[in-house]
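Note sheet for the following structure.
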Amino acid sequence: MGTTVATNALLERKGERVLLLVNRGFADLLRIGNQARPRLFDLDVRLPELLHERAVEIGGRVAVDGTELEALDEAGARDALRAAYQEGLRAVAILMMHAWAYPAHEERLGAIAREVGFTQISLSHRASPLPRIVPRGDTTVVDAYLSPILRRYVDQVAGELPGVRLYFMQSSGGLTEAGHFQGKDAILSGPAGGIVGAARTAAMGGFERIIGFDMGGTSTDVALYAGAFERAFETEVAGVRMRAPMMAINTVAAGGGSILHFDGARFRVGPDSAGAVPGPACYRRGGPLTVTDANVMVGKIQPHHFPAIFGPNGDQPLDAAIVAEKFAALAAEIGKAQGKSAPDPRAVAEGFLRVAVANMANAIKQVSIQKGHDATRFALQCFGGAGGQHACLVADELGMETVFIHPFAGVLSAYGMGLADQAVIREAAVEAPFTADAISDLTKRLATLETAGREELARQGADPARLQAARRLHLRYAGTDTFLPVTFGAHQEVLVEFTEAHRRRFGFATPERQVIVEACIAEVTAPGEEVREAALPARVAGEAPQALDSVALFTNGAAHAAPVHDREALRAGDRIAGPALLREANATTVVEPGWEAEVTARNHLVL
C-alpha cells in the first residue's frame, strides 16, 4: 500500500520535534544551506522553516582522512541530550563532519542517545551515506522528523491486519516491508505507485516509451519512462531539501479542484484548490468555480451520467445550474473589465481549460524536452480521475499523437502498487577518478552492496532465487557537481554511455576531461506480480457500438453533438471518432474532434 502521511506531515509541518546534534561551529549549517537563491529579485526573502527545533553543537572532529582532530565530548553530548529529553523531545538527528566515511563519532552519539531514552535516532551516515554535509544533514533531519509519525501509522495499520505481511510503496518505486519503511523514503509513496502502474500496463499494451500523466483533484503528476524508471537523487519538497532516491515526478497545481481566477486582465488556474470540502461549485457545497466546473460548463462532464453522491446528504447529482450561473456572472465581469459585451460563458470556461492544459504541458516539457527527450516520440499514458477529460488537449499541446488509457486509469496508483517490485537500493560514496584500473575496486564495492541488498530482501521474506540486481555508477566531469547515472560495465562502454547521456541532457560533452565516480549503486529487486488481464471479446461482425446518449459539447470554440458511450459495453476492435464521451466507473474520457479511440483486445483504449 501507499500513504501520504509523511507527505502531509511535511506540507503541514506536523512532524516530530527534532534535536539536531552537529559539530562545534556548525549549528547554523542547515539554515545557511547551499545558498541557492531561486527568487533572486525578491526584496523580502523568506527562508523555509527549519524542521529541527534546536541545534546543539558537540565537541569532536574527524579530518577528511579519518584522523581524529578533537576527541568526542561525550559528557557534553549526554548533558545536551538529557536536557532535550526532559523538555519532551524524543527524536534526534546526528550529523558529524566526514561521517559518511568515518562514522565512529556518530555511532557513539547514537548509543548515548539510546541510553538517555530517545526513541528515534537518525544517523547521517545511514540516512545518506554520501559526501557533502548539507544534503546529508537535510536528509537526516527529514528522516528524524517524519519516521516517528510514519511508524505510528504503520503500526496502527499492521495492528488491524494481524498475520498479514504488509508492504509499503517507497518514493523510489519499490515496495518494502512495513518494518523497514522510513520517513525519508515515504514522500512520494502515493504518486510512485501510479508511475509503476503506468509502466507495467503500457508495456502490456506494447508501449515501451511513455509519459505518465496523472491528474487528480488537487494536482497533476507527470513522469517519463523509457524502459527504466527515471529517478532524482536530490530533490526539494515543500521547501525541504533531501537526498534520497525518488521517482523523477514533476507536479503542477492543476487538478480538477484547482480554483479559477480572473484578476481583471488574465485567467489563472490554481495553485489553490477547493479540496473535497467544499469542493467545486457543482458539488452543491457552496464551493468556487474550478477546473471540474469548467468541464461541466463545456459539456465534458454530464451530470446525468455521473453518480448522484453530492449535496449535504450525498444523494444529489452535480449542479449544472449553479455552474452556468457562476460562469455567466464571471463572463459579465470579464466583459466589463474589457469594455465589451460579455463573452459566451462556455468560451470563458474553455479559456480556463486552455490555461490548465498549458500548465500541465509545461510540466511534461520539464521531464522530457528539458532532459533531452523528444516528447512526440512517446505515448501519453493518461490516468487519475480527471486525466481522461484533458488527455487529447495535452497531447495536442505537445504534438503527441498517441494516448494510452488503461481500464483502471482512475485508480492506477493503487493498481500499480500491486504490480510493483520489492526493492532495496544500496549506495556508497567513491569520489575517485574513473579509470580502467578502478574497475576492479568498483566491482568489489558493488558486489558488497549487492550482497547487502540481497540479504535485506531475504529478511523481508523475498525468495532469494528470484532476486535480480542492477549496478550503476554516478559519474560527473571533474570540477562539476552534477552527476548522471550510468550502468556499470566495461570501462570504455561506461564512458561511451556517460558521454551520450551528458550530450543528451546538456547539449554537449567533453570526452577529453577526467571523469569522476561520485558513488556506486546496487539495486536488488524481487519481481512483482505479472500483469494478467483477460482478453476482451470482439463484437459480432456487422454490429456497431451503440451510443447511450447524445450531448452538446463545446470545444475548439464551437458546439458539437457528441455521442456518449459506456466503456463496459465496448468490445475489442471498436472505434469511436471524436467528438465523443466515454463514461466508466471511475473516470470520463473525452475524445476530441480529430481524434479516434480504439479498444484493443486487452480492453486498453488507444487514442
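One-based numbering along the sequence shown. Remember, it's a predicted structure, so these values are computed and weren't measured experimentally.
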Practice problem: Please assess Arg243 against Thr139 for the test side chain to side chain donor-acceptor pair (under 3.5 Å), listing each intermediate value before the final yes or no. | Solution: CA-CA 6 Å; Arg243 181 168 59 187; Thr139 306; 5.2 Å; no
Quiz item: Checking side-chain contact (heavy atoms from CB on, under 4.5 Å) for the pair Leu224/Lys371: CA distance, chi angles, key distance, verdict?
Solution: CA-CA 10 Å; Leu224 183 141; Lys371 293 184 177 181; over 6 Å; no
Practice problem: Start with the C-alpha gap between Leu72 and Leu109, add the side-chain angles, then the distance that decides, and say whether side-chain contact (heavy atoms from CB on, under 4.5 Å) holds. | Solution: CA-CA 9 Å; Leu72 184 65; Leu109 290 172; 4.1 Å; yes
Quiz prompt | Residues Thr448, Lys444; criterion side-chain contact (heavy atoms from CB on, under 4.5 Å); working and verdict | solution = CA-CA 6 Å; Thr448 301; Lys444 293 176 183 177; 5.5 Å; no
Self-check item: Evaluation steps, side-chain contact (heavy atoms from CB on, under 4.5 Å), between His125 and Glu107
Solution: CA-CA 9 Å; His125 72 276; Glu107 295 281 10; 3.0 Å; yes
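Distance check, rounded to the nearest 0.5 Å: OG of Ser124 to CG of Leu130 gives 10.5 Å. Taking OH of Tyr225 as the start and CD1 of Ile195 as the end, the distance is 11.5 Å to the nearest 0.5 Å. Atoms CE and OG, on Met247 and Ser171 in that order, are 9.5 Å from each other to the nearest 0.5 Å. Here the CD1 atom belonging to Ile58 is positioned 12.0 Å from the CG atom belonging to Leu95, to the nearest 0.5 angstrom. Separation of atoms CH2 (Trp100) and CZ (Arg136) is listed at 8.5 Å; rounding is to 0.5 Å.
A distance-only check finds no donor-acceptor pair linking the side chain of Asp221 to the backbone of Asp214 [under 3.5 Å]. Side-chain N or O atoms of Ser147 include none that pairs as donor or acceptor with a backbone N or O of Ala144 at under 3.5 Å. A donor-acceptor contact shorter than 3.5 Å links the side chain of Asn23 to the backbone of Met97. Counting only distance, with no hydrogens or angles, the side chain of Arg231 and the backbone of Pro485 share no donor-acceptor pair below 3.5 Å. For the pair Thr443 (side chain) and Ile439 (backbone), a donor-acceptor distance under 3.5 Å is present. Listed for the Arg268 side chain is no donor-acceptor partner under 3.5 Å among the backbone atoms of Asp263. Distance alone, capped at 3.5 Å, places no donor-acceptor pair between the Tyr145 side chain and the Ala93 backbone. Judged by distance alone, the side chain of Glu57 and the main-chain N or O of Gly25 form a donor-acceptor pair under 3.5 Å. Side chain of Gln182 to backbone of Asp143: no donor-acceptor contact under 3.5 angstrom is found. Between the side chain of Thr220 and the backbone N or O of Ala254 there is at least one donor-acceptor pair closer than 3.5 Å.
Evaluation of the side chain to side chain donor-acceptor pair (under 3.5 Å) test over residues 470-483, restricted to residues two or more places apart or in two chains, returns Glu431-Arg476, Glu450-Arg471, Arg472-Glu523, Arg476-Glu518.
In this structure, Phe181 and Phe168 have parallel ring planes: the angle between them is below the 30° cut-off, well short of the 60° mark.
Counting heavy atoms from C-beta outward, Glu427 and Pro129 have side chains that approach closer than 4.5 Å. Side-chain contact between His373 and Ile211 is absent, with no heavy-atom pair separated by less than 4.5 Å. In this structure the side chain of Phe498 never reaches within 4.5 angstrom of the side chain of Leu473, judged on heavy atoms. His105 is listed as a side-chain neighbour of Glu68, based on a closest heavy-atom distance under 4.5 Å. Side chains of Thr487 and Val494 form no contact here, defined as non-hydrogen atoms less than 4.5 Å apart. A 4.5 Å side-chain heavy-atom check between Val367 and Glu230 finds every atom pair outside the cut-off. Residues Leu475 and Leu484 form no side-chain contact, since every pair of their non-hydrogen atoms from C-beta on lies 4.5 Å or further apart.
Remark: Asp73 engages no residue in a salt bridge (charged side-chain N to carboxylate O under 4.0 Å, His left out) (not counting sequence neighbours). When the side-chain contact (heavy atoms from CB on, under 4.5 Å) test is applied to Thr435, the partners found at least two apart in sequence or on another chain are Pro433, Asp437, Ala438.
Remark: the Gln120 side chain and the Glu16 side chain contain no N/O donor-acceptor pair separated by less than 3.5 Å. Remark: the Arg90 side chain and the Thr119 side chain contain no N/O donor-acceptor pair separated by less than 3.5 Å. Checking Gln156 against Glu160 by side-chain atom types alone, no donor-acceptor pair falls below 3.5 Å. If you check the side chains of His180 and Asp185, you find no donor sitting under 3.5 Å from an acceptor.
Ion pairing between Glu74 and Arg108 holds under the 4.0 Å rule for side-chain N and carboxylate O. We find that Arg78 and Glu115 are joined by a salt bridge, their nearest charged nitrogen and carboxylate oxygen being less than 4.0 Å apart. A salt bridge is absent between Arg466 and Asp421: the closest approach of a Lys/Arg side-chain nitrogen to an acidic carboxylate oxygen does not fall below 4.0 angstrom. Comment: Glu234 engages Arg132 in a salt bridge, judged by a side-chain N to carboxylate O separation of less than 4.0 angstrom.
Annotation for Asn250 and Ala363: closest pair ND2-O, 3.1 Å, computed over non-hydrogen atoms. Annotation for Met96 and Gly60: closest pair CE-O, 4.0 Å, computed over non-hydrogen atoms. The minimum heavy-atom distance linking Gly197 with Gln381 is given by the pair O-NE2, 4.4 Å.
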